[in-house]
2 protein chains.
Amino acid sequence: MDSAEQKSTGQRRRTSARASVTIRDVARHAGVSVATVSRALRGSDLVHPATRERVDAAIEELRFTPSQLGRSLAERRHAANGIVFPDLSGPFYAEVVLGYEEVAATLGRSVLILSTHNRESAGDMVLDLAGRVDGLAVFGRTVHDDVVAEIVQRGVPVVLMARTEIEGADSVRTENVVAATSVVDHLLADGHRRMAFLGDPVDSTDVAERWAGFRGALAQAGVDVPERAIPAGFKEDDGARVAAALIADGLPDVVVCANDELALGLTVALAEEGIEVPGEVAVTGWDDVMAARYAGLTTVRQPMREMGARAAQMLDARISGDRSEPRHDVLTTQLVVRRSCGPHSKEAHR
Amino acid sequence: MDSAEQKSTGQRRRTSARASVTIRDVARHAGVSVATVSRALRGSDLVHPATRERVDAAIEELRFTPSQLGRSLAERRHAANGIVFPDLSGPFYAEVVLGYEEVAATLGRSVLILSTHNRESAGDMVLDLAGRVDGLAVFGRTVHDDVVAEIVQRGVPVVLMARTEIEGADSVRTENVVAATSVVDHLLADGHRRMAFLGDPVDSTDVAERWAGFRGALAQAGVDVPERAIPAGFKEDDGARVAAALIADGLPDVVVCANDELALGLTVALAEEGIEVPGEVAVTGWDDVMAARYAGLTTVRQPMREMGARAAQMLDARISGDRSEPRHDVLTTQLVVRRSCGPHSKEAHR
DNA sequence: TTGAAAGCGCTACCAG
DNA sequence: CTGGTAGCGCTTTCAA
């Protein structure tokens with residue numbers, strides 16, 4: 001039984017903490033070679049049924065689990081995908097990850113997540129992550145283009161999400177300009193004229209496009225176009241913070257916000273100042289997060305989960321060897337009218 | 001320059017797709033041994049400054065990045081942690097992941113996520129994941145105890161989140177009984193007497209504890225204790241679904257729900273039937289998700305992010321060799337009173 | 001069908 | 001300080 005071993009390798013096991021069962025243990029136990037065990041493991045049909053049985057028994061008995069590490073190194077693949085976010089907080093990203101993870105899992109790939117949190121070291125962290133996966137999805141403005149380019153050049157497939165295209169990488173994003181136009185058109189139909197835009201176009205491609213669409217629609221309608229957007233982050237606090245200034249500068253008819261959290265934070269802060277929405281000023285958001293429904297916020301719905309799923313699929317195609325031209329998918333969005341945008345809208349909830 | 005190589009290994013490079021730069025390439029390029037490159041890489045001070053410089057130059061020129069795979073295999077560690085959820089959707093889990101990822105990243109570990117989605121294969125997926133990480137956090141009722149036990153036995157540190165303890169694993173959870181008691185006490189003070197509980201105690205440890213606390217507090221107060229909880233999942237739809245039956249059976253004074261989504265879904269469904277909250281029936285939730293604030297829902301706040309962070313820290317300790325008795329942390333929770341629970345509460349928002 | 005052995009890329013021990 | 005080399009655990013020729 002115990003035969004194959006110590007042949008030419010001159011074993012000298014280092015004092016390993018908790019030596020796990022390896023393929024060699026199984027081989028010895030079953031009285032076959034590691035090659036055979038490996039074949040049995042992979043379900044190769046070059047293994048005699050009887051042999052396979054012995055191997056299976058040994059695996060069972062030794063409670064053996066093949067090491068992913070050894071396997072990956074030999075196969076030169078990780079069987080894992082990565083996804084990078086600026087920040088995992090907020091209701092927004094969770095949905096994207098969900099869609100991504102679901103597809104990846106179905107394809108037999110694990111998912112590694114990374115939030116960059118504007119850290120100095122973000123670039124290095126992403127680069128490191130790129131070394132642990134077969135493909136990487138990068139969301140928005142998380143790292144410098146150079147880093148992405150470097151990863152692409154290294155041969156790791158990359159798909160950009162909600163971010164300006166980069167040579168050699170696929171991308172998925174949601175439609176912004178048409179949506180912004182429909183928001184503005186709806187507001188115009190409601191009789192609103194003086195419109196402000198809350199959000200920093202420099203911060204993200206999405207916001208830049210929304211701002212552009214906003215301006216375009218106003219110009220198209222021959223209405224006053226504000227010169228500048230009111231810069232703000234993406235959190236409720238950021239929205240709350242501008243309320244005072246907005247009041248001081250004279251309220252516009254409506255504030256179009258770059259996302260829902262901003263809109264909601266602003267609305268609450270205005271309420272605290274005794275300003276009613278939509279009575280004295282209308283407010284709209286973007287994303288259609290759960291809270292938007294309960295707050296009666298007019299907003300733009302984006303297919304977040306679909307975006308994640310799409311990214312995972314694109315990556316899978318590349319990993320599987322697809323060498324065609326980069327794809328750039330644009331997912332459609334949808335205006336959701338609720339009461340925050342003005343008097344005449346009937347819809348109350350959902 | 002080109003000297004070390006082909007010595008004893010009898011090179012015969014397999015036709016590899018896109019042969020990446022390896023440590024050997026760097027060594028040759030710098031005219032040193034791989035050992036030296038490795039040392040330089042690790043920042044060992046057993047490398048002559050001049051040598052280090054040559055190595056650095058070679059690394060730079062060849063755009064070399066060490067393979068995590070090779071490194072992990074040699075070091076016998078993954079430098080990665082895993083986290084398992086039943087389902088990544090809903091505002092709840094995202095926060096936990098956020099806390100977890102943040103700490104893990106700071107400790108230099110990557111994070112692998114997995115949603116089990118009640119899949120048949122959940123057990124195998126988790127077992128597979130366990131083979132890719134140095135430590136694993138498992139949330140709630142995602143997989144059978146046997147699977148967890150198997151992982152623990154395999155020597156991979158496990159921390160349970162919001163789940164009944166298992167031999168040999170640390171755990172973190174939030175306090176439920178005291179919180180349930182304070183919810184009930186508050187409702188009693190508001191004059192409510194006939195209380196129903198919505199949620200399935202069999203579904204999760206958390207719900208079971210909330211249900212137990214609920215019953216205990218009622219019994220303590222000498223008030224009618226409902227015989228059974230109204231079983232339901234965790235989604236808005238699940239809450240909406242029971243509205244009709246609730247009305248048909250005669251509305252209680254208040255419905256204590258196992259989580260916010262349930263409470264919110266129920267509230268909307270009741271409104272659609274013309275039943276006002278809290279006018280005709282009060283409703284409370286659990287979790288304090290963002291939407292709860294905007295819906296004016298009385299609920300219990302849990303430190304989600306803290307839970308994730310704590311889990312990551314516990315894991316780190318174990319991975320670093322801590323062999324002390326398993327720890328079982330309980331995080332405190334807090335009643336947040338808003339208008340959904342009845343007339344006399346003043347607080348409107350936040 | 002099977003086995004022997006050469007790697008996959010890197011770390012760390014042992015000699016110098 | 002530096003180099004040689006034995007592994008880490010698994011896959012995959014190449015021969016038998």
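Throughout, a chain's letter reflects where its sequence line sits, starting with A, and its residues are numbered from 1.
Of the candidates D/dT12, C/dG9, C/dT11, C/dT11 carries the atom nearest the B/R42 side chain, counting heavy atoms from C-beta on. Looking at the side chain of A/S38, the nearest of the listed nucleotides D/dT12, D/dG9, C/dC8 is D/dT12. When each of C/dC10, D/dC10, C/dT2 is scored by its nearest atom to the side-chain atoms of B/R71, the top-ranked nucleotide is C/dC10. The side chain of B/A35 has D/dG3 as its nearest neighbour among D/dG3, C/dC8, D/dC8. Distances were taken from every side-chain heavy atom of B/E75 (C-beta onward) to each of C/dG9, C/dT11, D/dC8; the shortest belongs to C/dT11.
Distance B/R28 CZ to C/dG9 C1': 14 Å, rounded to the nearest Å. Between the CG atom of A/L69 and the P atom of C/dC10 there is a distance of 13 Å, rounded to whole Å. In this structure, B/R54 atom CZ and D/dC1 atom P are separated by 14 Å, rounded to whole Å. Rounding to whole angstrom units, CD1 of residue B/I23 and C1' of C/dC10 are separated by 6 Å. Rounded to whole Å, atom C1' of C/dG9 lies 18 Å from atom CZ of A/R77. Whole-Å rounding puts the A/R24 CZ to C/dA4 C1' distance at 13 Å. Across the protein-nucleic acid pair, A/R76 atom CZ and C/dC10 atom P stand 11 Å apart, rounded to whole Å. Rounded to whole Å, atom C1' of D/dC1 lies 9 Å from atom NE2 of B/H48.
Of the residues near DNA chain D, B/L46 and B/G70, the one whose nearest nucleotide (by heavy atom distance) lies more toward the 5' end is B/L46. Looking at which nucleotide of DNA chain D each of A/T36 and B/T51 is closest to, the 5′-most match is held by B/T51.
Within 4.0 Å of A/V47, counting heavy atoms only, lie sugar-phosphate atoms of the nucleic acid but no base atom.
Within the 4.0 Å cut-off from OP1 or OP2 of C/dG3, at least one side-chain nitrogen or oxygen of A/S33 is found.
With respect to the salt-bridge test (charged N to carboxylate O, under 4.0 angstrom), the residues A/R163 and A/D145 qualify. For the pair B/D134 and B/R318, the salt-bridge criterion is not met [side-chain N within less than 4.0 Å of a carboxylate O]. A salt bridge does not link B/D56 with B/R52: none of the charged nitrogens is closer than 4.0 Å to a carboxylate oxygen.
Judged purely by distance below 3.5 Å, without hydrogens or angles, the side chains of A/T116 and A/T142 never pair a donor atom with an acceptor atom.
In the interface, the side chain of B/R39 is paired with the base of D/dG3 through a donor and an acceptor atom under 3.5 Å apart.
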Listing, residues 37-46 of chain A side-chain donor-acceptor contacts under 3.5 Å, not counting sequence neighbours, or none:
| residue | atom | partner | partner atom | Å |
| --- | --- | --- | --- | --- |
| A/R42 | NH1 | A/E75 | OE2 | 3.3 |
| A/R42 | NH2 | A/E75 | OE2 | 3.2 |
| A/S44 | OG | A/L46 | N | 3.0 |

